[in-house]
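A short worksheet on the structure shown next.
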Number of protein chains: 2
Amino acid sequence: MRQGQISTTGHALLGLLSFAGEVSGYELKQLADRTLRFFWVSPAMSQVYSELGTLDRAGLVEAREEAANGPRPARRYRLTPAGEEELRRWLAQSDVGFPVIKHGVALRLFLGHMVSPDRMEEMLQRYTEQLEGRTAELAQIREGLGDDPAYRYAALVAEWGQRYYREEAEAVQVVLEALSRPRT
Amino acid sequence: MRQGQISTTGHALLGLLSFAGEVSGYELKQLADRTLRFFWVSPAMSQVYSELGTLDRAGLVEAREEAANGPRPARRYRLTPAGEEELRRWLAQSDVGFPVIKHGVALRLFLGHMVSPDRMEEMLQRYTEQLEGRTAELAQIREGLGDDPAYRYAALVAEWGQRYYREEAEAVQVVLEALSRPRT
DNA sequence: TGTAGCATGTAAGCCGTTACATGATTGA
DNA sequence: TCAATCATGTAACGGCTTACATGCTACA
């Protein structure tokens, strides 16, 4: 029942459970891949399991054992009242750091004096393609949310993400143009 | 002389040394705070020192001991030819992952169904202010770079960053407006 | 005289990943 | 019958942070 030692990712999983009702570790990971991935990090499968263990020991989630078909039990987890309380407390009190970005493309552009122009252009082009892929994924997710008020906030975040990807694509075009101009 | 075990942050520091000439660990950290921080992560002081140790043992940087004023020697590091080679190799060959964002504001917006409207608005307002601060910092850095071709790429990254902060601020305004409208 | 900045490091520990281990079910 | 997907976990380790330890110099 000790707390304060739950990580942000732990709280994020708690948050997913507040939507999801009762899910297995496996399903929780899939949900994270469709949501958290876009604005946080989708934890590895193994971390989902270990985090659920921690949350369970802290009394913040509850496991229900299903008919074990195999050597290990099949568990489904749901939020406990204490878990919901902790989540609300964390949302109300934790301090919100400025976003941290690990942007490999920007890092390599910054070190452009050591990269061949061809490689640089290829990298930026590839990033543009990846952005298109992500935009498409996110558009599909946004569509799936519809205008159901239950997903109001998820929809806002998805729209924010789409905006961001669009802007990134434009910024990359600006960089490509600047690079194609001979330097003064 | 073993390599392939240098982390991305290690390579980023190698990259900073390719600009900086010869610097102390302390100066390298300061440089990282003015550059890496905006698109990667500025490593903790202690990590700068341990990373320099690793790079030294790998022959990628070279330390020159200065008159030790105190119990510990004062070291200044510079890139070796092997270090420059490794940096070029890494830039040419390493695969560039899609950027990873840990966006605490978006995470909390996503969980908006558990946050009071007041707290949410306060959080978004605060983020706007932080964005203004960052924008000002970055504007100053961009100015300092001038149009010196040596800082061509740094300038491009700084401009990209400014664009990004501006867009984030606009996106937050859109969210605030959406939240202030009564839901359908 | 005390505090901020310059300066270098070690130790402990958290967060998270990859690799490994195991097995059932479903469909091509 | 083979591969993919569902499903649950352990072990080892990397990367990074915070806390701690130490001491000089300049300045208010």
Side-chain angles (χ1 to χ4, degrees), chain A residues 2-14 22-33 36-37 40-58 61 63-77 94-95 97 100-102 104 107, chain B residues 2-14 22-34 36-37 40-58 61 63-77 95 97 100-102 104 107:
Chain A
R2 295 151 310 172
Q3 49 204 199
Q5 49 196 7
I6 305 297
S7 66
T8 303
T9 298
H11 284 105
L13 292 179
L14 236 36
E22 202 189 41
V23 290
S24 67
Y26 194 89
E27 287 165 341
L28 190 57
K29 164 65 174 163
Q30 289 182 318
L31 183 53
D33 284 341
L36 290 190
R37 183 161 61 99
W40 193 252
V41 154
S42 188
M45 197 66 252
S46 67
Q47 201 198 346
V48 172
Y49 286 116
S50 65
E51 202 67 52
L52 282 170
T54 304
L55 295 171
D56 193 3
R57 280 189 299 281
V61 304
R64 191 168 58 81
E65 222 115 312
E66 279 200 336
N69 51 344
R72 279 178 304 272
R75 294 195 178 90
R76 320 206 99 231
Y77 294 86
S94 62
D95 65 282
V100 172
I101 308 195
K102 290 198 163 193
L107 172 58
Chain B
R2 295 152 310 175
Q3 48 203 200
Q5 50 196 6
I6 305 297
S7 67
T8 302
T9 298
H11 284 105
L13 292 180
L14 236 35
E22 203 190 38
V23 290
S24 67
Y26 193 89
E27 288 165 340
L28 191 56
K29 164 64 173 163
Q30 289 182 318
L31 183 52
D33 284 342
R34 273 177 292 127
L36 289 189
R37 183 162 61 99
W40 192 252
V41 155
S42 188
M45 198 65 253
S46 67
Q47 201 198 346
V48 171
Y49 287 115
S50 64
E51 202 67 51
L52 281 170
T54 304
L55 295 172
D56 193 3
R57 280 190 298 282
V61 303
R64 192 169 58 83
E65 224 116 308
E66 278 199 339
N69 53 343
R72 280 178 302 273
R75 295 197 176 88
R76 320 205 99 231
Y77 295 86
D95 67 282
V100 171
I101 307 194
K102 290 199 163 193
L107 173 58

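Note on naming: letters A, B, ... go to the chains in the order of the sequence lines (proteins, then strands), and numbering restarts at 1 for each one.
Residues B:Glu51 and B:Val48 form no side-chain contact, since every pair of their non-hydrogen atoms from C-beta on lies 4.5 Å or further apart. Looking at heavy atoms from C-beta onward, A:Leu107 lies in side-chain contact with B:Leu36 at the 4.5 angstrom threshold.
Contacts with DNA chain D (heavy atom under 4.0 Å) in residues 45-53 of chain A: A:Met45, A:Ser46, A:Tyr49, listed by number. Scanning residues 24-34 of chain B for heavy-atom distances under 4.0 Å to DNA chain C yields B:Ser24, B:Gly25, B:Tyr26, B:Gln30.
The two residues B:Tyr49 and B:Gly25 come nearest to each other via the heavy atoms CE2-CA, 3.9 Å. Across B:Leu55 and B:Gly10, no two heavy atoms sit closer than the pair CD1-O, 4.0 Å. A:Val61 and A:Leu52 get closest at one heavy-atom pair: CG2-O, 3.9 Å.
Between B:Arg76 and C:dA7 there is no side-chain N or O to OP1 or OP2 distance below 4.0 Å. Taking side-chain N and O atoms only, B:Arg75 has no distance below 4.0 Å to OP1 or OP2 of C:dA7. One finds a side-chain N or O of A:Thr9 lying less than 4.0 angstrom from the OP1 or OP2 phosphate oxygen of C:dG16.
Atom CD in A:Glu22 sits about 16 Å away from atom C1' in D:dA7, given to the nearest Å. As a whole-Å value, the separation of A:Arg37 CZ from C:dT17 P is 13 Å. As rounded to whole Å, 14 Å separates atom P of D:dT25 from atom CD of B:Glu66. Nucleotide D:dC16 holds its P atom 11 Å from the NZ atom of B:Lys102, rounded to whole Å. Counting to the nearest Å, the P atom of D:dG15 and the CG atom of B:Leu36 are 16 Å from each other.
Judged as a salt bridge (Lys or Arg N to Asp or Glu O under 4.0 Å), and not counting sequence neighbours, the contacts of A:Lys29 are A:Asp33. The side chain to side chain donor-acceptor pair (under 3.5 Å) check on B:Thr9 picks up B:Trp40, with sequence neighbours excluded. Contacts of A:Gln30 classified as side chain to side chain donor-acceptor pair (under 3.5 Å), with partners at least two apart in sequence or in another chain: none. Scored by the salt bridge (Lys or Arg N to Asp or Glu O under 4.0 Å) test, A:Arg76 finds A:Glu27 as partners (sequence neighbours excluded).
Contact annotation for A:Thr8: no contact, since no heavy-atom pair falls under 4.0 Å across all strands.
Ranking D:dT17, C:dT18, C:dG16 by closeness to the A:Ser7 side chain, first place goes to C:dG16. For B:Ala74, the listed nucleotide lying nearest its side chain is C:dT8; candidates were D:dT17, D:dC16, C:dT8.
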